[in-house]
Amino acid sequence: MPPKLLLLDLDEVLADYSQERRCRALAETAGVDTAMIERAVFDSGLENRSDRGEFGLDDYMDRLRSEWGLDIPSADFIAARRAGTRVRQPLLDICERLAGQVQFGIFSNNGHWLAQHAERIVPELMPLFRTRFICSGSLGLCKPDPEAFLLCLQRLGFSPASTLFVDDKAGNVDGARQAGLDAFVYQDDNHFQQELANRGLSTGETHAL
């Protein structure tokens, strides 16, 4: 039986994500070099703590100001995430051809602020994914913790047995399987279509591997 929910990772599945582009945009806003942004946002652990839901966007900006002297408006922080994120239109096209066969959702290891501002960061995805966009920051747990998948599906109203999950990281796929979901690692669009076809979801354009 085909899955009822196709749950996809965001970064490196539905979109190309460049930390370098994001840091350049933040550095330009803050008037510092990119190495400073790398230290403050990533090396410090702030981004990981946001992903775990320890604080929201306003607190994130406050911590950058108080701990690093970086005065970055939240709107510019969101714009920088947009600058570092480029939706993969071919994969989105594949999903659009599946409309009517399956429901769509996103589960991403990111702060809840990303989902809150998804209209500005990944507007191209909103027609399909607007109502089912879950970030780890809203759960307090990150992939690959199996409990994170169960909480995500509880929010979305689907069972593990009815869900197919796709991620670029094997560890996250393993975590999903431990939670009872069907799952596979994204390799490329052709492989993606073949795996969907194997589960009864066809775009009509699947090619042999």
Side-chain angles (χ1 to χ4, degrees), residues 5-26 28-29 34 37-38 41-42 47-48 50-53 57 60 74-99 102-139 142-144 148-149 152 155-156 163-173 175-176 181 183-196 201 203 205:
L5 176 67
L6 178 56
L7 186 63
L8 303 175
D9 181 35
L10 175 62
D11 297 326
E12 309 310 329
V13 176
L14 281 167
D16 292 310
Y17 169 63
S18 169
Q19 184 171 305
E20 180 182 356
R21 286 198 306 268
R22 183 181 173 193
C23 286
R24 283 202 305 268
L26 289 172
E28 183 176 346
T29 294
T34 56
I37 297 295
E38 287 276 2
V41 175
F42 297 102
E47 184 81 352
N48 286 337
S50 171
D51 292 351
R52 294 195 299 269
L57 184 60
Y60 200 149
S74 59
D76 289 344
F77 193 80
I78 293 164
R81 189 51 161 95
R82 169 65 175 169
T85 309
R86 295 177 179 170
V87 169
R88 293 173 170 173
Q89 189 61 47
L91 188 62
L92 180 56
D93 291 343
I94 292 170
C95 291
E96 289 173 345
R97 293 198 296 271
L98 294 169
V102 69
Q103 301 297 312
F104 298 94
I106 290 172
F107 183 25
S108 177
N109 276 353
N110 271 292
H112 182 47
W113 59 268
L114 192 152
Q116 291 174 311
H117 299 281
E119 290 275 4
R120 296 169 61 188
I121 297 170
V122 283
E124 305 94 330
L125 299 179
M126 291 301 95
L128 278 185
F129 296 96
R130 176 183 288 107
T131 60
R132 299 188 182 92
F133 197 134
I134 302 293
C135 288
S136 57
S138 70
L139 304 176
C142 293
K143 300 176 293 186
F149 290 96
C152 174
R155 292 270 185 93
L156 296 177
T163 302
L164 172 61
F165 176 67
V166 184
D167 198 292
D168 63 303
K169 296 180 175 61
N172 292 340
V173 167
L181 291 73
F184 66 87
V185 176
Y186 174 82
Q187 298 177 16
D188 56 46
D189 289 355
N190 190 44
H191 173 262
F192 178 72
Q193 291 185 88
Q194 186 64 59
E195 290 288 348
L196 295 181
L201 298 173
T203 65
E205 299 186 11

Fill in: Worked verdict on I106 versus V122 for side chain to side chain contact (heavy atoms under 4.5 Å, CB included)
CA-CA 12 Å; I106 290 172; V122 283; 5.9 Å; no
Worksheet item: Which one of L14, D16, L92 satisfies the side-chain contact (heavy atoms from CB on, under 4.5 Å) criterion with V87?
Response: L92
Worksheet item: Is there a side-chain contact between E119 and R130 (heavy atoms, below 4.5 Å)?
Response: yes
Worksheet item: Is any side-chain heavy atom of L196 less than 4.5 Å from a side-chain heavy atom of L6?
Response: yes
Fill in: All side-chain hydrogen bond (donor to acceptor under 3.5 Å, both in side chains) counterparts of D76, not counting sequence neighbours
none
Item to complete: Please lay out, stage by stage, how L156 and L7 fare under the test side chain to side chain contact (heavy atoms under 4.5 Å, CB included).
Response: CA-CA 10 Å; L156 296 177; L7 186 63; 3.9 Å; yes
Worksheet item: Which residues satisfy the side-chain hydrogen bond (donor to acceptor under 3.5 Å, both in side chains) test with D9, sequence neighbours excluded?
Response: K143
Fill in: Closest non-hydrogen atom pair, L91 against V13
CD2-O, 2.9 Å
Worksheet item: Ignoring hydrogens and geometry, is there a side-chain-to-backbone donor-acceptor pair from R132 to L5 under 3.5 Å?
Response: no
Fill in: Qualifying residues under ring pair (Phe, Tyr, Trp, His ring centres under 6.0 Å), relative to F77, sequence neighbours excluded
Y60, W113
Worksheet item: What residues, two or more places apart in sequence or in another chain, satisfy ring pair (Phe, Tyr, Trp, His ring centres under 6.0 Å) together with F104?
Response: F129
Worksheet item: Distance-only, no hydrogens or angles: does the D51 side chain make a donor-acceptor pair with backbone N or O of G111 under 3.5 Å?
Response: yes
Worksheet, complete the sentence: Taken to the nearest 0.5 Å, the spacing of H112 NE2 from L114 CG works out to 10.5 Å
Response to the item:
Residues passing the salt bridge (charged side-chain N to carboxylate O under 4.0 Å, His left out) test with R52, sequence neighbours excluded, are E54
Worksheet item: To the nearest 0.5 Å, what is the distance between CG (L57) and OG (S74)?
Response: 5.0 Å
Worksheet item: Looking at residues at least two apart in the chain, or sitting in another chain, which of them share a side-chain hydrogen bond (donor to acceptor under 3.5 Å, both in side chains) with E195?
Response: H191, R199
Item to complete: Can you sort out the partners of F133 under ring pair (Phe, Tyr, Trp, His ring centres under 6.0 Å), two or more places apart, ordered by chain and number?
Response: none
Item to complete: Only counting residues at least two apart or in another chain, list the ones meeting salt bridge (charged side-chain N to carboxylate O under 4.0 Å, His left out) with E28.
Response: none
Worksheet item: Taking only residues two or more places apart in sequence or in another chain, which ones pass ring pair (Phe, Tyr, Trp, His ring centres under 6.0 Å) with F149?
Response: F107, F165
Item to complete: Determine whether the side chains of D93 and Q89 contain a donor N or O and an acceptor N or O closer than 3.5 Å.
Response: yes
Item to complete: Applying salt bridge (charged side-chain N to carboxylate O under 4.0 Å, His left out), name anything that partners R82, two or more places apart in sequence or on another chain.
Response: E124
Practice prompt. Could you point out which residue of R88, K169, R86 forms a salt bridge (charged side-chain N to carboxylate O under 4.0 Å, His left out) with E12?
Written response: R88
Practice prompt. Check the pair Y186, V173 against side chain to side chain contact (heavy atoms under 4.5 Å, CB included), reporting the backbone distance first and the verdict last.
Written response: CA-CA 10 Å; Y186 174 82; V173 167; over 6 Å; no
Worksheet item: Could you give the distance from CG (L98) to CG (L128), rounded to the nearest 0.5 Å?
Response: 9.0 Å
Item to complete: Would you list the pairs meeting salt bridge (charged side-chain N to carboxylate O under 4.0 Å, His left out) in which at least one residue belongs to residues 102-112, sequence neighbours left out?
Response: none
Practice prompt. Hey, could you give me the CG/CD distance between L26 and E38, rounded to the nearest 0.5 Å?
Written response: 10.0 Å
Worksheet item: Minimum heavy-atom separation for A148 to L139, with atom names?
Response: O-CD1, 3.6 Å
Discussion item. Within this structure, what is the CZ-CD1 distance for the pair R120 and I78, rounded to the nearest 0.5 Å?
Written reply: 4.5 Å
Discussion item. For a quick test of reading the model, state the closest non-hydrogen atom pair linking I37 to C23 and the distance between them.
Written reply: CG2-SG, 3.8 Å
Worksheet, complete the sentence: Sequence neighbours excluded, the answer for salt bridge (charged side-chain N to carboxylate O under 4.0 Å, His left out) partners of R22 is E47
Worksheet item: What's the spacing between I121 CD1 and R81 CZ if we round to 0.5 Å?
Response: 6.5 Å
